[in-house]
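Reading through the structure tokens given below for one structure.
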Amino acid sequence: MSNPFENALRQLRKAGEVMGKDSEELIEKLSKAEKEITVNIPVKMDDGSVRFFEGYRVQHNNDRGPYKGGIRFHPQADLNEVRALALWMTMKTAVAGIAMGGGKGGVVVDPRSLSKTELERLSRRFVRALQHDLGPQIDVPAPDVNTTPEIMVWMVDEYAKLKGDTTGATFTGKPIAKGGSEGRDSATGMGGFYVFEAVREEANLPEKVRVAVQGMGNVGGFAAKIFFKNGHTIVAMSDSKTAIYKEDGLDPNEVEAYKAEKGSLSGFPEAKEISNAELLELSVDVLIPAALENQITEDNAARLEAKLVLELANGPTTPEADEILFEKGIYVVPDILANAGGVVVSSFEWEQNLADEHWTPEVVQEKLKEIMVREARAVWKKADELNQPLRIGAFVIALERLGKAAKKDL
Ligand code: NAD
């Protein structure tokens, strides 16, 4: 399995090579996080015993605003993964042009192995361990894999108790009733859809496309429903265990309801069960990886038949696979652009909390669309000018913005 941080560094350095000598200092600086925190979190279990969980917060860069990025609960979370995700957050907030920096957190835990009360204690304890390094103007976490709006409520509450902060602006991705923004739950999928619409014609795709979606959590689930609602055909969907395929299209609402009832996608009526690996190789217009890193690699890239890969997961494509796909003429809309909708609406939530406002769903959608369409066009144009993949176009735009904002008090 390739190391996501190595992959992130290779992307960064490749963009640096394209930009030339003047970018050397910036690339060196961004090759390391400004601060990395590792914590050992004690949690009292329901049976009275105490277990310890390792947690991380990587604060990569805050030249453009407070560190910003989700917290992941996953048994395979590790520091290199969190480092990669933090670096990508710095690039993502810069590509989106929002006044925030990049950070990421992770806890090594399988949340399904904990009771709800244990999960709450872990979430609160994590905040306690990091309390001096968080805050609306310091570092603003959000949900990521296996972390939910409910977990954000526990975290906000713990932070308020410890630090007296009543704004709620230290965490985004909260439920609407608890200071969350309209449109945050669907923001990553929605943002990805706006990006797709902005590049569809340039990518020579038909008006209505056939789509395969890997992963049906927060991001993949909303993405599938949004594409479906807009008249596109969802031919395949998957979760961590299996995938289903239906030539004339699935209704993602029905698929979600079926999974909620049966606990699995197996046996979904009139659909063929396939593997996650087969899903990636389907002949579709748009492939949406929306699960985890390292899904499209040198082992399967040559077999991909999609015309466009819309990376809603972070880091789903390795650098080796990127080269193969570029040679094959498959467009890869990079994560730092395609899934930026989540952090964009998170920044709206933060702004609303600090100003004590609540924007309507229409205002949120309009602002999100404006940013995603504008930046998607800018990335396309930059990649075109440089004759480079879209990922390099996006990195170069981010690096130009980061270069202008770099701290000068050295
Ligand atoms: P989630 O926990 O809600 O869902 C993850 C999904 O991936 C689940 O459906 C799970 O079954 C599936 N999955 C896990 N392992 C898999 C595997 N090996 N093969 C296929 N499917 C697998 O998480 P999420 O918030 O939807 O995040 C998904 C991805 O999107 C991650 O890469 C995350 O970093 C990225 N992302 C999330 C947000 C956000 O706002 N939540 C924003 C930007 C990017």
Side-chain angles (χ1 to χ4, degrees), residues 1 4 8 68-77 81-82 84-89 91-93 95-96 102 104-106 109-112 141-152 171-174 180-181 183-192 195 212-225 236-244 252 255-256 259-260 263-265 274-280 287-297 300 310-317 333-349 368 372:
M1 179 65 77
K68 182 86 196 80
I71 296 170
R72 177 174 291 198
F73 284 180
H74 198 275
Q76 269 93 46
E81 181 187 59
V82 179
L85 292 162
L87 188 156
W88 286 324
M89 283 308 298
M91 298 299 146
K92 197 177 299 185
T93 51
V95 170
K104 200 82 183 189
V109 59
D110 178 359
R112 280 172 295 196
D144 191 67
V145 173
N146 291 328
T147 44
T148 58
E150 187 178 29
I151 292 178
M152 294 305 115
F171 296 84
T172 59
K174 303 178 292 291
S181 177
R184 174 61 186 89
D185 53 357
S186 59
T188 307
M190 201 67 228
V195 170
V213 187
Q214 183 195 41
M216 48 181 290
N218 174 281
V219 174
F222 273 109
K225 284 184 279 189
M237 292 175 71
S238 73
D239 63 9
S240 59
K241 294 185 209 86
T242 191
I244 52 173
V255 176
E256 274 191 2
K259 183 173 166 172
S264 161
L265 296 177
I274 58 174
S275 65
N276 256 298
E278 286 171 312
L279 178 146
L280 297 173
L287 171 65
I288 304 185
L292 295 171
E293 298 92 52
N294 294 331
Q295 299 300 304
I296 305 171
T297 67
N300 62 359
L310 187 65
E311 290 188 334
L312 294 194
N314 284 307
T317 313
V333 185
D335 44 12
I336 58 169
L337 169 68
N339 71 29
V343 73
V344 168
V345 178
S346 269
S347 77
F348 296 165
E349 181 175 335
L368 173 65
M372 300 310 291

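First listed ligand is number 1; within each ligand, the first listed atom is number 1.
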Enumerate the atoms of ligand 1 whose separation from the nearest heavy atom of [X] is less than 4.0 angstrom.
| X | value |
| --- | --- |
| L312 | 30 (O), 35 (C), 36 (N), 44 (C) |
| N276 | 19 (N), 20 (C) |
| L292 | 15 (N) |

Residue portion contacting ligand 1 (non-hydrogen atoms closer than 4.0 Å) for [X]:
| X | value |
| --- | --- |
| N218 | both |
| D335 | neither |
| V145 | both |
| A290 | backbone |
| E81 | neither |
| R72 | side chain |

Starting from [atom], find the nearest protein heavy-atom neighbour and note its residue, name and distance.
| atom | value |
| --- | --- |
| atom 29 (C) of ligand 1 | A291 O, 3.1 Å |
| atom 26 (O) of ligand 1 | V219 N, 2.9 Å |
| atom 33 (C) of ligand 1 | D144 OD1, 3.3 Å |
| atom 6 (C) of ligand 1 | G217 N, 3.7 Å |
| atom 2 (O) of ligand 1 | N146 N, 3.1 Å |

Looking at [X] and [Y], would you say the former's side chain and the latter's main chain have a donor-acceptor pair under 3.5 Å?
| X | Y | value |
| --- | --- | --- |
| N218 | G221 | no |
| Q214 | L280 | no |
| E311 | D335 | yes |

Give yes or no for whether the N/O distance cutoff of 3.5 Å, strictly under, is met between [X] and ligand 1.
| X | result |
| --- | --- |
| T188 | yes |
| S240 | yes |
| K259 | no |
| G215 | no |
| G342 | no |
| M216 | yes |
| K92 | no |

To the nearest 0.5 Å, what is the distance between [atom1] ([X]) and [atom2] ([Y])?
| X | Y | atom1 | atom2 | answer |
| --- | --- | --- | --- | --- |
| Q295 | N300 | CD | CG | 8.5 Å |
| I151 | D144 | CD1 | CG | 11.0 Å |
| N314 | K92 | CG | NZ | 3.5 Å |
| F222 | T188 | CZ | OG1 | 10.0 Å |

**Prompt:** Can R72 and T147 be counted as having a side-chain donor-acceptor contact under 3.5 angstrom?
**Reply:** no
Do [X] and [Y] have side chains that get closer than 4.5 Å, going by heavy atoms?
| X | Y | answer |
| --- | --- | --- |
| I296 | P289 | yes |
| V219 | N339 | no |
| T172 | K68 | yes |

**Asked** Counting only heavy atoms on the protein side, is anything nearer than 4.0 Å to atom 18 (N) of ligand 1?
**Response** no
**Complete:** What one should report as the nearest heavy-atom pair of S346 and G173 is OG-N, 4.5 Å
**Request:** List the atom of G341, the atom of A187, and the distance in Å for their closest heavy-atom pair.
**Result:** O-CB, 3.4 Å
**Prompt:** Is there a heavy atom of R184 sitting under 4.0 angstrom from any atom of ligand 1?
**Reply:** yes
**Request:** Applying side chain to side chain contact (heavy atoms under 4.5 Å, CB included), run through K241 and S264 and close with a yes or a no.
**Result:** CA-CA 8 Å; K241 294 185 209 86; S264 161; 5.9 Å; no
